[in-house]
Structures are given as C-alpha cells and as structure tokens.
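Whatever order the structure lists ligands and atoms in, that order sets their numbers, starting from 1. One-based numbering along the sequence shown.
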Amino acid sequence: MKQLAILGGKPAFSSQLKFIKPMFPTYSESKYESYFNEVFKTGMLSKGRFLEKYESEVSSYLGAPYVTAVSSRTIGLILALEALGIKSGDEVLVPSFTFCATVHAIKKVGAIPVFVDCNSETFTIETNNIEKYITPKTKAIIAVHIFGVGAEVYELERVSKTHNLKLIYDAAHAFGSTIDKTHLGNFGDISVYSTSPTKTLVTGEGGIVVSKNKEIDSKIRLLREYGNPGDYNCTEIGVNARLSELAAITGLMSLSIIDKNLSERKKIGNYYRQLLSEIEGVSLQKIPDNQISTYKDLCIVVHARSFGLDRDTVVQSLNREGIPTRNYFSPPIHKMDCYSEYNDLVLENTENISKNIICLPMHPFLTYADIEMIVNILRNIHINAEEIKKRVIQDA
Ligand SMILES: Cc1ncc(COP(=O)(O)O)c(C=O)c1O
C-alpha cells in the first residue's frame with residue numbers, strides 16, 4: 001500500500017486528473033470544419049441553418065417534436081416558467097438539493113420557491129407527502145433529474161394532474177438519461193437540458209427546451225427573440241436567448257458521438273460503483289432499475305462514523321493525491337446567503353446528503369486503472385482514518 005500524500009507520501013496522480021472533460025469527434029477530419037468555414041465565409045453567425053439543423057437532430061434523437069435551443073439552461077427555465085404563465089406571487093415546489101440556477105429561475109419571474117426535501121436514496125425530489133406543500137397559490141412543480149437520475153416522473157405526473165399544476169423538469173444533467181426507454185425530456189410540460197461544458201451534450205454554453213406542444217414551443221421561441229414576432233412590434237417582453245451558429249455546430253459535433261460518449265460513461269460509472277460498493281462507510285446514489293443515467297456526476301456519500309473521517313477531511317485527502325472533487329450540492333439552496341429567509345428551514349435528507357457528498361472525477365476519458373487507483377486511495381484513506389485525523393489536528 002502506498003503512503004498517502006496527506007501522510008507525507010507522493011501524490012498518486014502527479015499531474016492532476018481532470019474532473020470533467022467533454023468528448024468530441026476529431027475536428028480536422030470531419031465535416032464540421034467545413035460547417036465552421038461556411039459560417040465564417042457567409043458571415044451568418046446567428047439565426048442560420050445550423051441552429052435549425054441542430055434543433056432538428058436533437059428532436060429526432062430525443063423522439064420529442066418540440067425542441068428549442070437557447071443560450072443557457074438558466075434562461076431556458078426562466079422562459080419555460082414565463083411561457084407556462086408562472087408569475088409574481090405564485091408558489092413553485094422545488095427541491096433544495098440542486099444547483100442554484102434551478103431556484104434562481106423561480107425568483108427571477110417573481111414566484112415563490114417552496115422547498116421540498118429530497119429522497120434519501122435517489123436524491124431527487126421526495127414525492128411522499130409532496131401534496132402537503134400544495135396551497136391555493138401553488139402553480140407548478142420543478143423537479144430535477146439529479147446527476148442524470150430521473151425524478152419520479154409517474155408520481156409527479158399524477159400529483160400535477162390532480163392539482164392542476166404545471167410540471168417542469170430541470171434536466172440539466174440528463175441528456176441521454178431514460179426511464180422505461182423514454183428520454184427524460186419527454187416527461188412533464190417542459191424539460192430543460194443544459195449543454196454547458198460539464199454536461200453530456202455540449203455547445204460551450206447553452207440549453208435545450210423541450211415542450212409538450214406547438215403552442216408552448218412557439219411562445220418559447222417568441223420569448224427567445226425579445227418577444228418580437230418578426231415585425232418589431234413586440235407582443236411579449238422577451239430576451240435574447242438565442243444560440244449562435246458556432247455553438248449549434250459544436251452541438252452537432254457533440255451529438256454525433258453522443259451514444260459513444262454515453263456508453264463510455266456508463267461503463268466507467270458501473271465500474272466505479274462496483275468497486276466503491278466494497279468500501280465501508282460510503283454509499284452511492286440509487287439508480288432505479290427502469291432507468292439509464294448519464295452519470296453526469298459520480299458521487300459518494302461519506303458516513304463519518306463508519307468511514308472514520310468526515311467529508312471535508314476525505315476531500316482534503318483525495319485532493320492531496322491529485323484527485324479533484326466537487327461537493328455538489330453543498331450548501332443546499334435553502335442554506336445559501338441569498339436565500340436567507342429560508343435558512344432556518346430543516347430538510348433532513350437534503351442537509352445530510354449535502355453535508356456528506358463528494359463527486360469524484362467522471363468523464364469518458366478515465367481509464368479503468370484511474371478508477372482502480374481512485375478507489376484504492378479511498379480505501380486507504382478509510383484504513384488510515386485515525387492517523388489522518390491526528391495529522392490534520394497536528395497541522396491545524
Ligand atoms: C441542476 C442544474 N440546473 C441548472 C444548471 C445551469 O445550467 P446552465 O449553466 O446551462 O445555465 C446546472 C449547471 O450545472 C445544473 O447543475
């Protein structure tokens with residue numbers, strides 16, 4: 001067993017591993033070079049044929065007819081709320097175990113977030129007792145497909161139908177995830193994917209809004225274009241949320257190898273899970289049997305008592321080995337400074353996961369040897385917990 005870096009040994013990875021790395025086809029040998037050349041030659045940097053082509057290919061891939069690409073998932077969710085008529089004073093049920101942008105979108109339209117705890121196993125919004133949060137002011141639910149694991153779409157569908165609520169999915173992590181072989185974007189009134197660099201399908205920055213019908217899709221398109229129907233006599237107060245042609249070509253490149261990307265991620269994710277399941281004091285996010293996850297992130301929850309160390313010391317020990325990590329999502333939204341009015345709220349599962357979660361490097365370029373090394377290091381950290389504790393106290 002090698003000596004751990006935190007105990008004075010050499011780091012396991014001398015050049016830092018990448019936490020994420022998007023996958024692309026070889027640029028210079030592909031048709032995409034000619035696409036980029038065409039854009040520069042014609043000067044059509046926006047609103048050209050590549051955005052249409054990208055939207056049409058994404059639509060075919062997802063099996064979803066109404067697809068509109070936007071400049072980020074954050075703006076896509078704001079437009080989704082506006083298109084569904086969510087306005088100032090409306091209440092929206094939302095998990096607190098998510099990225100800040102999920103909830104910021106609610107605030108940006110003047111609506112009121114009502115935080116719901118997450119499920120302790122899947123980390124997605126808890127549907128047991130969700131109805132107790134519904135009041136006459138509740139107008140929508142936003143659920144999040146956390147790290148690529150789908151929320152409980154069938155139960156959420158039932159609840160939203162029963163109470164006449166709009167159902168929106170933050171599918172930022174989930175391009176490629178399925179439930180019962182259906183892409184997650186097909187559930188709810190609107191789903192919004194992110195295509196920023198940490199995601200499976202990437203355009204640089206960007207998002208994809210998938211709507212249930214043409215009417216909503218047209219509204220999203222109008223809002224994406226300042227609310228200008230074409231004659232500059234605006235019928236809505238919209239924004240510029242367009243995706244550029246260069247970003248659309250990047251998306252086409254990314255889409256062309258998405259299945260390879262997803263299958264590599266799946267292999268890596270499964271291998272990680274197999275090895276991690278043997279480590280005491282660590283648990284994994286549950287992926288229900290009828291789902292395929294993108295493995296947007298691969299996380300572990302550290303149980304301090306059985307592992308022997310708290311999350312932050314494990315993070316410190318991993319980082320010293322050249323293994324980058326992220327504490328997604330910590331703090332949870334209701335504990336953030338900008339949501340101070342919610343800081344006293346208690347959401348047990350959310351707080352427990354948030355306090356103990358670590359996301360490990362996850363991308364299709366990791367080798368099996370990398371994964372074995374990462375997991376072995378974690379095992380050594382557990383075995384040497386007492387010594388590490390002493391060292392950390394000494395160094396403090
Ligand atoms: C759950 C979730 N929602 C929304 C976003 C924001 O997406 P974007 O950066 O495309 O606006 C992210 C970004 O990582 C996210 O993790």
How far is [atom] from its nearest protein heavy atom, and which residue and atom is that?
atom                    : answer
atom 12 (C) of ligand 1 : Phe99 CD2, 3.3 Å
atom 10 (O) of ligand 1 : Ser194 OG, 2.7 Å
atom 11 (O) of ligand 1 : Thr74 OG1, 2.5 Å
atom 3 (N) of ligand 1  : Asp170 OD2, 2.7 Å
atom 14 (O) of ligand 1 : Lys199 NZ, 2.8 Å

Open item on the list: With a 4.0 Å cut-off on N to O distance, would you call Lys53 and Glu57 a salt bridge?
Closed with: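 Judged by the 4.0 Å cut-off on N to carboxylate O distance, Lys53 and Glu57 do form a salt bridge.
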
Looking only at distances, please establish whether an N/O atom of ligand 1 is found under 3.5 Å from an N/O atom of [X].
X      : result
Thr198 : no
Glu205 : no
His173 : yes

Open item on the list: Using every non-hydrogen atom in the two residues, find where Leu165 and Ile134 come nearest and quote the distance to one decimal.
Closed with: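 Nearest pair, atom of Leu165 first, then Ile134: CD1-CD1, 3.9 Å.
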
Under 3.5 Å, is there a donor-acceptor pair linking the side chains of [X] and [Y]?
X      : Y      : answer
Ser34  : Asn37  : no
Asn319 : Thr325 : yes
Tyr295 : His363 : no
Arg273 : Asn270 : no
Thr102 : Asp170 : yes

Task: Non-hydrogen atom of Gly206 closer than 4.0 Å to ligand 1 - done: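 Yes.
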
Task: For Thr98, atoms of ligand 1 separated by under 4.0 Å from a heavy atom - done: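 Counting from 1, the qualifying ligand atoms are 1 (C).
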
